[in-house]
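Here the structure is a predicted model, which is why all the values come from computation and not from measurement. For the numbers below, each heavy atom of this structure counts, side chains included, while hydrogens, waters and symmetry mates do not.
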Amino acid sequence: MNDPTRTRSLRIRAALAVAAVTGLGATALTALPAAAAGEAVTVQYRQSSTGGDQVEPWLKVVNTGSSSVPLSQVKVRYYFKADAGASYTYACSWAVKGCANLTGTFGTLANPTATADRYLEIGFTAGAGSLAPGADTGDMQLRFHRSNWQALNQSDDYSFGPAQTTYANWSKVTATVGGVPVWGTAPAGNEPTPTPTDPTTPPTTPPPNGATLFDDFDYTGHTDPAIDAHGWSVRSNSGGPGVPGATWAPENVTFAKEGTNSIMNLRSSTAGTGESTRHTEILTRASKFKNGTYAARVRFSDAPVSGPDGDRVVQTFFTINDLKAPMADDYAEYDFEYLPNGGWGEPANILYTTSWETYRPDPWEAVNQHSESRTSYAGWHDLVLTVDDSTIVYYVDGQEFGRHDARYLPERPMSINFNQWLIDLAGQTSTTPRSYDQKVDYVLHVKDQVLTPAQVAAKVGAYRTAGTTFQDTVPAT
């Protein structure tokens with residue numbers, strides 16, 4: 001993120017915050033998507049704790065259909081009644097499929113009832129694989145608690161079964177496959193609706209031409225006049241986020257060929273002091289991007305190029321506009337943030353996607369929704385974000401990573417940003433110099449069109465086949 005008024009403390013709290021969210025405003029369809037044919041799952045549940053400090057729903061997903069089910073298409077919801085003013089934190093204690101392959105996101109019901117106004121939605125990354133007919137996920141030992149660890153009350157929670165001490169089918173937990181409801185009964189008035197699909201558009205066909213920004217980052221260096229002419233700013237001004245006293249170093253944003261593609265590299269470095277720390281960022285000067293598709297191919301790294309490892313590095317691709325006042329409701333921000341060495345309370349690598357409605361720095365209050373995956377993402381990854389009139393969806397390498405609610409839709413246009421910075425210097429206290437690289441292959445924005453990841457790849461391929469290294473037809477706001 002590029003707002004220099006944000007402090008290290010703000011970002012630590014921001015990443016840990018789990019704020020209230022509103023339900024989706026979807027409309028019912030007259031027919032279910034064909035992808036659901038032959039796919040059916042049930043959810044088994046047992047409670048592991050009736051205590052007062054955290055909820056422990058243990059779950060299994062069972063494939064009761066006639067075809068294999070990719071778990072990345074499965075979403076499971078556990079419904080509960082929130083305590084007044086509370087925010088919640090999700091955790092996975094253990095899972096046969098691996099906790100790193102599970103995601104947990106909180107949402108708020110559109111139609112609250114006496115026993116439910118929130119839900120915990122469990123999703124799966126591509127690493128969870130598929131379920132063959134008759135197979136199950138095995139144990140998913142999940143838990144969540146109030147973010148401040150104050151006592152909570154489970155007795156009025158819709159999905160809670162105090163007598164359910166062994167696994168059995170549990171209809172008060174719901175499941176969808178590819179957005180299609182296949183199991184369970186939601187609290188009255190909150191039935192999930194199918195995700196619409198358009199079967200008339202082949203997934204690998206580039207969509208019709210529309211207002212587009214595409215940049216292959218084919219530049220000679222950070223002083224190349226084309227960078228400015230193409231609407232980019234390589235940051236040099238001081239301020240946050242990250243290590244106090246650090247410098248934002250435009251000379252550390254470089255460009256080179258790797259094979260036939262031009263690559264942008266953001267190199268951030270430190271020798272263990274604020275004065276020796278160099279952060280990097282590039283952003284569009286114009287805030288003119290709102291609904292549509294955002295995509296980039298980014299190479300994250302777990303280890304430094306040289307020197308000792310361990311710094312709490314943040315590697316990003318995000319969109320943002322400015323916060324005009326605390327809790328201003330026209331703020332917007334959508335983040336891919338990879339922490340190779342953890343940070344913000346995480347001990348090891350984690351990828352966050354976060355959608356922001358607003359925040360107040362002091363006293364701290366945040367309204368956001370996030371998804372996460374605790375595993376290494378070192379290497380090249382295709383990142384896609386789509387924003388339409390009802391939903392925000394994040395994809396990593398063609399698989400849905402997080403789906404966030406209508407409350408977080410942008411009211412004002414945003415800029416597009418990449419940066420790499422250090423949260424603090426506590427992860428590695430050595431004074432030996434070290435540096436970290438984050439690489440970017442391209443960036444794409446298509447205004448007001450929701451593209452599939454396959455369509456993104458096809459559109460980028462068409463630009464490269466035509467020899468187009470830059471195009472910007474997105475009108476100024």
| message | side-chain contact (heavy atoms from CB on, under 4.5 Å), that's the test. Do Phe160 and Thr50 meet it? Break it down for me. | response | CA-CA 9 Å; Phe160 178 54; Thr50 58; 3.8 Å; yes

| field | Centroid separation Tyr395 to Phe401 less than 6.0 Å | value | no

| Is the Phe80-Phe144 ring centre distance short of 6.0 angstrom? | yes

Does [Y] offer a backbone N or O that forms a donor-acceptor pair with the side chain of [X] under 3.5 Å?
X: Tyr338; Y: Tyr377; result: yes
X: Asn63; Y: Leu131; result: yes
X: Thr293; Y: Gln449; result: yes
X: Thr284; Y: Ile416; result: yes
X: Gln455; Y: Thr452; result: yes
X: Asp215; Y: Gln471; result: no
X: Asp397; Y: Asp382; result: yes
X: Gln420; Y: Leu266; result: yes
X: Thr212; Y: Gly210; result: yes
X: Gln369; Y: Asp405; result: yes

Between [Y] and [X], do the side chains contain a donor N or O and an acceptor N or O under 3.5 Å apart?
X: Asn368; Y: Thr354; answer: no
X: Thr174; Y: Arg77; answer: no
X: Glu56; Y: Ser48; answer: yes
X: Ser355; Y: His404; answer: yes
X: Ser159; Y: Tyr45; answer: no
X: Thr105; Y: Glu121; answer: no
X: Tyr167; Y: Asp139; answer: yes
X: Ser268; Y: Thr280; answer: yes
X: Ser301; Y: Asp437; answer: no
X: Thr319; Y: Glu333; answer: no
X: Ser376; Y: Asp302; answer: yes
X: Tyr436; Y: Asp311; answer: yes

Heavy-atom pair with the smallest gap, counting every atom of [X] and [Y]:
X: Gln54; Y: Gln154; answer: O-NE2, 3.5 Å
X: Pro70; Y: Ser130; answer: CA-OG, 3.4 Å
X: Ser373; Y: Ala100; answer: OG-O, 2.7 Å
X: Ala116; Y: Tyr158; answer: CB-CB, 3.9 Å
X: Asp117; Y: Pro112; answer: CB-CB, 3.8 Å
X: Ile263; Y: Trp380; answer: CD1-CH2, 3.9 Å

Would you say the side chain of [Y] lies within less than 4.5 Å of the side chain of [X], judging by non-hydrogen atoms?
X: Val62; Y: Gln44; answer: yes
X: Lys172; Y: Gln164; answer: no
X: Thr386; Y: Val384; answer: yes
X: Tyr463; Y: Leu444; answer: yes
X: Val367; Y: Arg407; answer: yes
X: Val393; Y: Glu400; answer: yes
X: Val396; Y: Leu383; answer: yes
X: Val43; Y: Asn169; answer: no

[X] vs [Y] aromatic rings, parallel, tilted or perpendicular, using cut-offs 30° and 60°?
X: Trp356; Y: Tyr359; result: perpendicular
X: Tyr88; Y: Phe106; result: tilted
X: His445; Y: Tyr294; result: tilted

Out of curiosity, [X] [atom1] to [Y] [atom2], how far, rounded to the nearest 0.5 Å?
X: Thr103; Y: His370; atom1: OG1; atom2: NE2; answer: 9.5 Å
X: Asp335; Y: Phe317; atom1: CG; atom2: CZ; answer: 10.5 Å
X: Glu337; Y: Thr316; atom1: CD; atom2: OG1; answer: 6.5 Å
X: Arg403; Y: Ile392; atom1: CZ; atom2: CD1; answer: 11.0 Å
X: Gln399; Y: Thr125; atom1: CD; atom2: OG1; answer: 8.5 Å
X: Asn341; Y: Glu346; atom1: CG; atom2: CD; answer: 12.5 Å

Side-chain ion pair, [X] and [Y], N-O less than 4.0 Å:
X: Lys324; Y: Asp322; result: yes
X: Asp136; Y: Lys97; result: no
X: Asp157; Y: Lys81; result: no

| request: Apply the test side-chain contact (heavy atoms from CB on, under 4.5 Å) to residues Val443 and Phe418: give CA-CA distance (whole Å), side-chain angles for both, the deciding distance (0.1 Å), then the verdict. | output: CA-CA 10 Å; Val443 67; Phe418 299 90; 3.9 Å; yes

| said: A quick test of your reading: do over 12 heavy atoms of other residues, nucleotides or ligands sit less than 6.0 Å from CG of Asn148? | reply: yes

| Thr358 and Asp329: side-chain contact (heavy atoms from CB on, under 4.5 Å), yes or no, with the steps? | CA-CA 6 Å; Thr358 189; Asp329 61 6; 5.7 Å; no

| task | Take Arg143 and Ser93 through the side chain to side chain donor-acceptor pair (under 3.5 Å) test and state the conclusion after the steps. | result | CA-CA 7 Å; Arg143 57 190 173 87; Ser93 298; 2.9 Å; yes

| message | Go through it in stages, so that I can follow the logic: the residues are Leu339 and Val313, the test is side-chain contact (heavy atoms from CB on, under 4.5 Å), and I'd like the CA-CA distance, side-chain angles, deciding distance and then a yes or no. | response | CA-CA 6 Å; Leu339 282 61; Val313 182; over 6 Å; no

| message | Using side chain to side chain donor-acceptor pair (under 3.5 Å), reason through Asp389 and Asn291 one step at a time and then give a plain yes or no. | response | CA-CA 8 Å; Asp389 289 332; Asn291 284 19; 3.2 Å; yes

| Does the ring of Tyr442 carry Arg297 above it, NZ/CZ under 6.0 angstrom from centre and within 45° of its axis? |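 Not flagged: Arg297 not positioned over aromatic ring of Tyr442.
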
